[in-house]
Amino acid sequence: AFYVNEREVTGSLKDLVTELGLSTESALTITCQPLAVFKVRPVTRCGETMPGHTDAVLHVSYSPDGQRLASGGGDTTVRF
């Protein structure tokens, strides 16, 4: 999102400049702030272990009936 004087630019820049009463003859500071839905903290340690993998587990999927599990690890193996 872009901001002028802490006001988000939601339409045209010209309309916002007029609304705020700013001069079109002077320098205008426009700030960009990336939009984020959520923030993810990096994983620094493994919280649980899974027998069979020698590296981090990267993906886990259950069968449709919920009776079986497949896991893929950083050791390039898939375990069932």
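We number each residue from 1, following the sequence as shown.
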Closest non-hydrogen atom pair between R79 and T77, with its separation: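 Between these two residues, the closest heavy atoms are NE-OG1, 3.8 Å.
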With no hydrogens and no angle check, is any side-chain donor or acceptor of [X] less than 3.5 Å from a backbone partner on [Y]?
{"X": "D55", "Y": "G73", "answer": "no"}
{"X": "N5", "Y": "R7", "answer": "no"}
{"X": "R68", "Y": "S63", "answer": "no"}

Cluster companions of V17 among Ile, Leu, Val, Met, Phe, Trp, Tyr (side-chain spacing under 4.5 Å): F2, V4, V9, L13, L16, L20, L22, L28, I30
Pair D15, T18: side-chain N/O donor-acceptor within cut-off below 3.5 Å: no
Short side-chain donor-acceptor distance under 3.5 Å, H59 and S71: no
Could you state the interatomic distance from [atom1] ([X]) to [atom2] ([Y]), rounded to the nearest 0.5 Å?
{"X": "L69", "Y": "Y62", "atom1": "CG", "atom2": "OH", "result": "5.5 Å"}
{"X": "H53", "Y": "L58", "atom1": "NE2", "atom2": "CG", "result": "8.5 Å"}
{"X": "E6", "Y": "Q33", "atom1": "CD", "atom2": "CD", "result": "9.0 Å"}

